[in-house]
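This report refers to the structure that appears directly beneath it.
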Amino acid sequence: MRKDDLTVPAILAEAVGLILGILYVGLQIYYGVVYHVAPYKFVCNIVGVILVYTGFTMMSCYPEKINRIPVDMCVGKVRMYSVRMVRSIKLVFLLGLMIPCVCDVAGIELQDAYSLFVIGLILLLALYYEYKIIRIMQKDKHDPNERL
């Protein structure tokens, strides 16, 4: 990860995401032991979250792969918004998993629409940041210094 990508808010977002991931793993193990869930089920949940978290982290390290643009075009605001998009989607994804996990441990049942809400929020974040990136790249055709 580039040094200029690591601002204080970015470090805090990564720390919160890591803590949420660790809490999720702990709650999955707790839920599996207390409610006698088959080990392969909660191991699959844990492995799935680890793989998705790793994928998001790799995308934040290489944001030019998100939009399939050359590395020399992924600088300045385009890079900043790409990294912000990935980090915010990663946080929403982890929060979206944590809430039902906490509710399961507490014995509270969530409505089916909750999953649609989380997916919709992720889509809105992606569309918002992609719109900003596309606008910057369109302006770049007219003024090459806008990207910086």
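Residue numbers count from 1 along this sequence. Here the structure is a predicted model, which means the values were calculated and not measured.
Of all the heavy atoms in A13 and L91, the pair that sits closest is O-CD2, 3.6 Å. Considering all non-hydrogen atoms of both residues, P100 and L97 come closest at CD-O, 3.4 Å. In plain terms, the two heavy atoms of V37 and F42 that are nearest each other are O-CE2, 3.9 Å. The minimum heavy-atom distance linking I66 with M59 is given by the pair CD1-O, 4.0 Å. Smallest separation of non-hydrogen atoms from C103 and L110: SG-CD2, 3.9 Å. Counting all heavy atoms, side chain and backbone alike, P63 lies closest to S82 at CB-CB, 3.6 Å.
For the atom pair CD1 of I89 and CG of L121, the computed distance is 9.5 Å after rounding to the nearest 0.5 Å. With values rounded to the nearest 0.5 angstrom, K41 atom NZ is found 9.5 Å from Y31 atom OH. Summarising the geometry, atom CD1 belonging to I119 is positioned 10.5 Å from atom OH belonging to Y114; distances are rounded to the nearest 0.5 Å. The CD1 atom of I69 sits 10.0 Å away from atom CZ of R79, with the distance rounded to the nearest 0.5 Å. Here the OG atom belonging to S88 is positioned 9.5 Å from the CZ atom belonging to F56, to the nearest 0.5 angstrom. To the nearest 0.5 Å, atom CE of residue M80 and atom NZ of residue K77 are 6.5 Å apart.
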Checklist entry - Passes side-chain hydrogen bond (donor to acceptor under 3.5 Å, both in side chains), K132 versus Y128? Steps please. => result CA-CA 6 Å; K132 288 185 126 187; Y128 170 75; 3.1 Å; yes
Next on the checklist: Set out, in order, the CA-CA distance, both residues' side-chain angles and the distance that settles side-chain contact (heavy atoms from CB on, under 4.5 Å) for L125 and M85, then state yes or no.
Outcome noted: CA-CA 7 Å; L125 281 170; M85 176 179 63; 5.9 Å; no
Item to check | Intermediate values then yes/no, side-chain contact (heavy atoms from CB on, under 4.5 Å), V71 and Y62 | outcome: CA-CA 9 Å; V71 178; Y62 301 104; over 6 Å; no
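Linking ILVMFWY side-chain heavy atoms closer than 4.5 Å, directly or via other members, places Y35 and M98 in a single hydrophobic cluster. Both I99 and V16 sit in one connected hydrophobic cluster of ILVMFWY residues. Membership requires side-chain heavy atoms under 4.5 Å apart, directly or through other members.
Evaluation of the salt bridge (charged side-chain N to carboxylate O under 4.0 Å, His left out) test over residues 90-99, restricted to residues two or more places apart or in two chains, returns E14-K90.
Although no hydrogens or angles enter the test, the distance criterion places no donor-acceptor pair under 3.5 Å between the side chain of Y53 and the main chain of G48.
When side chains are defined from C-beta on, E64 does not count as touching M73, because their heavy atoms never get closer than 4.5 Å. Between R87 and R84 the shortest side-chain heavy-atom distance does not fall below 4.5 Å.
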Report all side-chain donor-acceptor pairs from residues 22-30 shorter than 3.5 Å, counting only partners two or more places apart or in another chain.
from : atom 1 : to  : atom 2 : distance (Å)
Y24  : OH     : Q28 : NE2    : 3.4
Q28  : OE1    : N45 : ND2    : 3.1

